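In what follows, a single structure is set out as structure tokens and then discussed.
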Protein chains: 2
Amino acid sequence: MSRQHATKGERTRARILDAASELFALSGFNAVSLREIAAHAGMTHAGLLHHYPGKEALLLEVLARRDREDAAHLFPGMLQPGEAVPPAVQLRRIVDLAERNSRTPGLVGLYTLVAAEAATPGHPAHDYFVARYRVLRREIAALLRTVFAEAAPPVTADPDVVAQQLLALMDGLQTQWALEPDAVPMRRRVVDFLAAHGLRLDIEDGPVTG
Amino acid sequence: MSRQHATKGERTRARILDAASELFALSGFNAVSLREIAAHAGMTHAGLLHHYPGKEALLLEVLARRDREDAAHLFPGMLQPGEAVPPAVQLRRIVDLAERNSRTPGLVGLYTLVAAEAATPGHPAHDYFVARYRVLRREIAALLRTVFAEAAPPVTADPDVVAQQLLALMDGLQTQWALEPDAVPMRRRVVDFLAAHGLRLDIEDGPVTG
DNA sequence: GTCTATATCGCGATAGAC
DNA sequence: GTCTATCGCGATATAGAC
């Protein structure tokens, strides 16, 4: 039952995941075939499907890995409890995330795309996205609760409500931005939204004030 | 150059569109094949593709038709200039639209799904969605401008900004709602958003007040 | 047992005959 | 305007190699 090092299968899966991640980011989901990915990983498409049950499941793994990296960046407290990051800094990191996603063109919109696809209960990514939004809502709500309380004057809005709205706003803005980048100043709109709730988040690197 | 009645081709296209609309709404986009739709319309899938260049273009037509019906419902002033609808009523209709969409399960999320897919410039639905969001932003902004001015006290927020945020919020909420309906009181969150901008929209059928 | 390849299926899409 | 034939695709099942 115990294993001392990565098995050959784990190394193969990592190789597949690297190839898929690279090709998806380069050309998008639909434009890349399993046969291309398999070739990049040195096998046939059927061999690839032995490790991952399907193309969408493979995309799911690519997104999950990126999600893990984002989470480590956004909520370092979850992974490194010893090091305290001011909530105001975390909030700005979340706002910055919208633009960070925009810098990887091939992967832009893949999240909202697959999230929309995953609406049907049978979809391979369904459970993952349900859990993802639950975690994000909870984490952002907890963060907002602290920021609201620390603001001067304190913000009276419900952190849970604002967290859900903030998530929806960022997703929806990304959809419009992907269609017509010039028409959607994403970061600006998110800052405007927080400002409407009495929270002033300075545009540059200044502190968050009430 | 003139035509007195619907051609055979137009009748065939209408038949195809009816079949596609019914099957997409019933089972979603991916679960339905062109061969099924063609069979329902009394032809082979190649025959269907003579009238519509591809499956996504067919979906696009289905969505566009629904869009036209929604527009006639939301902005009747555009089609019937003689009849004046109070902006407050139009605003509530927009808020109601989020729930109206939720009552056709098969078509839920298809808009946000295809909108996300249409991000790439080459996508058959790209131009359509760019135009769609432009129109919606402009119409909702014009509507908000009036409602803001009529509210007591008048709302000072920028109608263009709030219109873009409102659209994004409704799209994003629909994504979360499709994944976990119980976790997302869509209408409530939209009302909360407008309330944050000083606009009180009564939950029931009362008037909009400032 | 762990892994990969061959064979087959229905799919969306295209080309060309009628 | 509709068909038949054909292509590469994602997906599945099954057999075979290490």
Side-chain angles (χ1 to χ4, degrees), chain A residues 1-21 23-24 26-63 110 113-114 117-118 120 122-126, chain B residues 3 5-20 23-24 26-63 110 113-114 117-118 120 122-126:
Chain A
M1 288 302 223
S2 66
R3 229 182 284 121
Q4 290 182 332
H5 60 282
T7 66
K8 183 183 176 186
E10 283 169 343
R11 274 181 278 120
T12 303
R13 274 185 285 277
R15 224 172 57 232
I16 294 171
L17 214 57
D18 287 338
S21 202
L23 293 178
F24 282 150
L26 209 70
S27 314
F29 181 66
N30 291 317
V32 177
S33 71
L34 281 183
R35 285 166 173 85
E36 290 179 70
I37 297 171
H40 265 70
M43 64 184 72
T44 67
H45 88 287
L48 187 155
L49 288 171
H50 170 76
H51 298 280
Y52 295 97
K55 193 183 182 186
E56 281 177 337
L58 186 57
L59 171 62
L60 179 62
E61 282 302 313
V62 171
L63 295 180
L110 266 187
L113 173 62
V114 183
E117 283 181 350
T120 50
H123 193 280
H126 180 76
Chain B
R3 229 181 284 125
H5 60 282
T7 67
K8 181 184 175 184
E10 284 168 344
R11 275 182 276 119
T12 303
R13 273 186 285 277
R15 226 172 56 232
I16 294 171
L17 214 57
D18 287 337
L23 293 177
F24 281 151
L26 209 70
S27 314
F29 181 66
N30 291 316
V32 178
S33 71
L34 283 184
R35 286 166 172 85
E36 290 179 70
I37 298 171
H40 265 71
M43 64 182 71
T44 66
H45 86 287
L48 187 156
L49 288 170
H50 170 74
H51 297 280
Y52 295 97
K55 192 184 182 186
E56 281 175 338
L58 186 56
L59 172 62
L60 179 62
E61 283 302 314
V62 171
L63 296 180
L110 266 187
L113 174 62
V114 183
E117 282 181 351
T120 49
H123 193 280
H126 179 75

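Because the structure is a prediction, the values reported are computed rather than measured. We name chains A, B, ... by the order of the sequence lines, and we start the count at 1 in each one.
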Range on DNA chain C touched by chain A - first to last nucleotide, heavy-atom distance under 4.0 Å | dC3(C) to dT6(C)

Sugar-phosphate, base or nothing in reach of His51(B), heavy atoms under 4.0 Å | sugar-phosphate

Would you mind classifying the nucleic acid contact of Leu34(B) as base, sugar-phosphate or nothing, using non-hydrogen atoms under 4.0 angstrom?
->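 It contacts sugar-phosphate atoms only.
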
When you compare the side chain of [Y] with that of [X], does any pair of heavy atoms fall below 4.5 Å?
{"X": "Leu49(A)", "Y": "Leu58(A)", "answer": "no"}
{"X": "Ile16(B)", "Y": "Met43(B)", "answer": "yes"}
{"X": "Ile37(A)", "Y": "Phe24(A)", "answer": "yes"}
{"X": "Lys8(A)", "Y": "Thr12(A)", "answer": "yes"}

Considering all heavy atoms, the nearest Leu23(B)-His40(B) contact =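 Closest heavy-atom pair between Leu23(B) and His40(B): CD1-ND1, 3.9 Å.
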
Figure out the CG/P separation between Leu48(B) and dT4(D), and round it to whole Å.
-> 15 Å

Please state how far atom OH in Tyr52(A) lies from atom P in dA11(D), giving the value in whole angstrom units.
-> 15 Å

Nearest-0.5 Å distance that lies between atom CD in Glu61(B) and atom CG in Leu17(B) |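 One finds 6.0 Å between CD of Glu61(B) and CG of Leu17(B).
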
Please figure out whether Arg13(B) or Ala46(B) has its closest DNA chain D nucleotide nearer the 5' end.
-> Arg13(B)

In terms of the nearest nucleotide of DNA chain D, which residue is placed more toward the 5' end: Pro53(A) or Glu36(A)?
->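 Looking at DNA chain D, the more 5' nearest nucleotide goes with Glu36(A).
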
Under 3.5 Å: donor-acceptor pair, side chain of Arg35(A), backbone of His45(A) =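 Looks like no, no N/O pair under 3.5 Å.
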
Which angle, to the nearest 10 degrees, lies between the helix axes at the two ends of the helix from dG1(C)-dC18(D) to dC18(C)-dG1(D), each defined by five pairs?
-> 10°

So does His126(A) have more than 12 non-hydrogen atoms from other groups sitting under 6.0 Å from NE2?
->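 Atom NE2 in His126(A) is packed in, count exceeds 12.
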
